[in-house]
Amino acid sequence: MAGLSQHVKLYMKINDNLSEDDVRILRATLVTDGHLGQARLENATPLDIFNMLEADDKIGTGNLALLGDLLKGLGKTELAQEAEDVAKCEQTEGPSCAIDDVISCLKDLYGREHASVRPLPWCEDFHLPLEQLYTNLQHLQHLQDDRKLFQEVNIVSLTDIYKTNEAKAKNGRLGVRRIRVEGDPGIGKSCSCQKLALDWVSGKLGIFKVVFFLEIRHMSGKVKDAIFEQLLSEDTNMTPDQLWSYIQENQDDVLFILDGLDELSQKARENTDVMSLIQGKVLRNCHVLVTSRSYHCDKELARCDEFYKILAYSSENSAEFIKKYFSHSIESATKLIEQLTSNPNLSRLVENPLNSVLMCIVWEDNEGKLPSSQAELYQMIVCLVAKRYCARKDIPLEGDEIPSNIEEALRGLGKLYWEGLGQNQFQFRIADIRENSDANGDVILDFGLLTRDKSVSRIKRTFFLHRAFQEYVAAYYISELVKNDAKREEGREYLRSLFGMSEATASFLDMELMSRNRLRYGEVQNSLLAFLGVNSGSLFEFFAEELGIDECKEEDKDLLSFVCIMLLGRVRGEGRMHMAEIVAPCLSQHITNQLGFFMDERFRDDHARWIDGLTQVIKCQNAMAIDQAPRLIQHLSIDTTNIQSFALQQQQIVALEDALSDCTTIAFVTLRSRNELMRATHKFSPVRAFIPQRGTESVHIDFRLFLDMDNMLSELSALENLQHVTIDIGSVIDAAGYSQLSPRLADLVMKQSCLRSLKVKIVDWLCHYSHGSRGIDSKGKFLLSISEHKTLEVVEVQDARKHVLFQTLGSIKA
Ligand SMILES: Nc1ncnc2c1ncn2[C@@H]1O[C@H](COP(=O)(O)OP(=O)(O)OP(=O)(O)O)[C@@H](O)[C@H]1O
């Protein structure tokens, strides 16, 4: 009703208010006055009559004179007056009347469509009421588009952003117009947008007169048309051009909520003006809030005024959500919370809202059985869908086995969705699904992992409800190919395109493409490992073969080794050692995580997993060393910048330290950090964690800032038989102070009897700087240690002011 124009609403009102006698008189008058023929009028209701008159252009928008006369003839003066008012309104004040109509139409739509979430695609009737279930999320605000500079903000929903900005606004005008919100998959971006729209409906966002909530994945053309396609019905009493003019004239009052920029398809990108809207090239005074997955669309969103990140639920939030979900059974909630709290892996998993809701569903449906990982969680959900489908169709089930035609259907879907991901396509036409699925088209469409768009939208295409499932099913398809010996070659082709090796062979890898694919298909790559499970050996055999190709250049081996070790770090369970055994003999002899495109902080988690994988590889090589295996790691280069964050657990460092303590084959170690090493949550000593105590001949340490120089030198002194030590440090903050350097260096020289070169360069001491001393204090002991040393050939020490204190041993002896 809200979407209907004023005069149509009036027609309906008149229809309801005329008696049968009135209708008879009306028909007769129309015939007598020659407006309509008798045959057409027979049995026609007033509504039919008004439609006929409209079709003959006798009445319509802003033209209700005839209707007024007819009503007056019937003695319906009030209705006649209303007809006059509506006509006047539509003629003279058309746009403002019409915009009110659009607004009520939008409010009606949001109140209806966005008042609930449907986390399960197969359950069309499984709606969770958003207002009751919405649980506060944590947010960060990034400062000046720099992810390193951020502040924690007291914001629990997107509406709070506007509330905070409104408090700072001048003359009621918000200065901040373009807001960017990012977050990981399933973290609640869409849900937060829904909540924002609902808050507007309930008057909590009064600063905006009109709010357009558009899902970018449905966008294929101009924003002007998308508004009508997604939000308004065909008989809205404003044309797209009229509405656009209204928006242009009232920019300050309008908010666009644009959800999921990362889901804009390649094809749509060429035709849509949504980027111009986001970047303020059109409607620059409108308000825009745009969401995307983390680290996606960075360039396009660089010019936004504010930049927020949705973090996750805190552990209290996730418990609160579970209680809300099980409000009918507090006992279930308490039990689930207890189980999750006792398992750190699962507790972390449910910090993600999508995982939280799926966990509740699985718990409810599987009599308290819980998954151990995200992939297993999705697997359980797909099993659940399959079981419901079988129950619906009376298909007998054997245990937990999914019937083969359903598996086949899932594979068909996986193929389609993998191809869709390549094009950033998230919705599919039914015809395409049938075409791609042989005999299983109906199973796919009926199965329940697909859902049809139910909104007012005129887009009637089938699509996946949640992108995470699309990635999951695509991974399932690839894993089935990889496991199948008969489809080995096809499987490998898929692996190449998944990991970004499709346009090259191992002899010529494109690091940019590989890193891009890691960002784009990271979820698919990770799910693939989970699907392969005990069969993950096939994936590592693939990498081992690529590494073994004769033409594979050393730098390409370094890159493949990094990816391979990072993936190994993601393997859980007993099979891990076996996977390590497959790759360990083929890896590069130079193992490094200092790899151009992969140095970006977007790969932070991968660097943390790399540490786990490295631990496995080293353990494996330690065992192999006894058998004199030919290829062992000889040079280890670690950039700690990306691994010293909270992504890395203390026990992971301890495990690596343990593995390295048994390692004697690594002769060269390079350590680098591009930021402050000790700002990490976990304090660790880089020397102890990353340098083997035995067998290391050469160490190069290159840190931008270091807090514990004193300790580092003592630990280097404790290593066995070092020959070359090079230390480059930008700045040092050392509790022991500048004056301690000389005795520590003396210790190092005395303890390392095989030392041949020692080069130390420290650009600045940030504290404990003794202004009086321009060089190294108490040099005597140091000089003595050098002069008594038997093998030392080169000593170079540069101080804070770049004074070269010692250049060669010769100069010291002189
Ligand atoms: N704040 C919240 N309170 C309660 N439930 C939530 C909340 N946020 C998200 N959810 C649940 O998590 C599911 C996934 O959330 P949503 O679709 O908003 O994630 P997203 O960040 O948009 O994911 P993607 O990037 O994959 O599109 C929702 O269907 C809903 O069930």
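As the structure lists them, so they are numbered: ligands from 1, and atoms in each ligand from 1. Numbers here simply count residues along the sequence, with the first being 1.
- Distances below 4.0 Å separate heavy atoms of Asp184 from the following atoms of ligand 1: 21 (O).
- Here His114 pairs with Tyr110, Phe213 under the ring-ring contact (aromatic ring centres under 6.0 Å, His included) rule; sequence neighbours left out.
- Atoms CE and CZ, from Met566 and Phe603 in turn, are 8.5 Å apart once rounded to the nearest 0.5 Å.
- Of all the heavy atoms of Tyr325, none lies under 4.0 Å from any atom of ligand 1, so neither backbone nor side chain is involved.
- A distance-only check finds a donor-acceptor pair linking the side chain of Gln279 to the backbone of Glu300 [under 3.5 Å].
- Remark: Phe597 engages no residue in a ring-ring contact (aromatic ring centres under 6.0 Å, His included) (not counting sequence neighbours).
- Close N/O approach between Phe321 and ligand 1 is not found [any backbone or side-chain N/O within under 3.5 Å].
- Relative to atom 25 (O) of ligand 1, the option among Lys189, Glu320, Glu523, Glu182 with the closest non-hydrogen atom is Lys189.
- Asn136 contributes no side-chain N or O that, together with a main-chain N or O of Asn317, makes up a donor-acceptor pair within less than 3.5 Å.
- Here Glu263 has side-chain heavy atoms under 4.0 Å from ligand 1, and that is the only part of it that gets that close.
- Listed by number with element, the atoms of ligand 1 under 4.0 Å from a non-hydrogen atom of Leu137 are 1 (N).
- Note on ligand 1: Gly260 sits outside its first shell, no heavy atom being nearer than 4.0 Å.
- For ligand 1, the atoms sitting less than 4.0 Å from at least one non-hydrogen atom of Tyr313 are 2 (C), 3 (N), 4 (C), 5 (N), 6 (C), 7 (C), numbered in the order shown with element in parentheses.
- By the 30° and 60° cut-offs, the orientation of the rings of Tyr494 relative to Trp418 is tilted.
- Annotation: Ser192 places no N or O atom under 3.5 Å from an N or O atom of ligand 1; distance criterion only.
- Screening Ile278, Asp273, Val282 against Val223 for a side-chain contact (heavy atoms from CB on, under 4.5 Å) leaves a single residue, Asp273.
- Polar contact check, Val357 against ligand 1: no nitrogen or oxygen pair lies under 3.5 Å apart.
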Does Val288 form a side-chain contact (heavy atoms from CB on, under 4.5 Å) with Leu255? I'd like the steps, not just the answer. CA-CA 6 Å; Val288 175; Leu255 168 67; 5.9 Å; no
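- Of the candidates Cys360, Cys191, Ser116, it is Cys191 that places a heavy atom closest to atom 18 (O) of ligand 1.
- Here's the thing with Ile187: one of its N/O atoms is less than 3.5 angstrom from an N/O atom of ligand 1.
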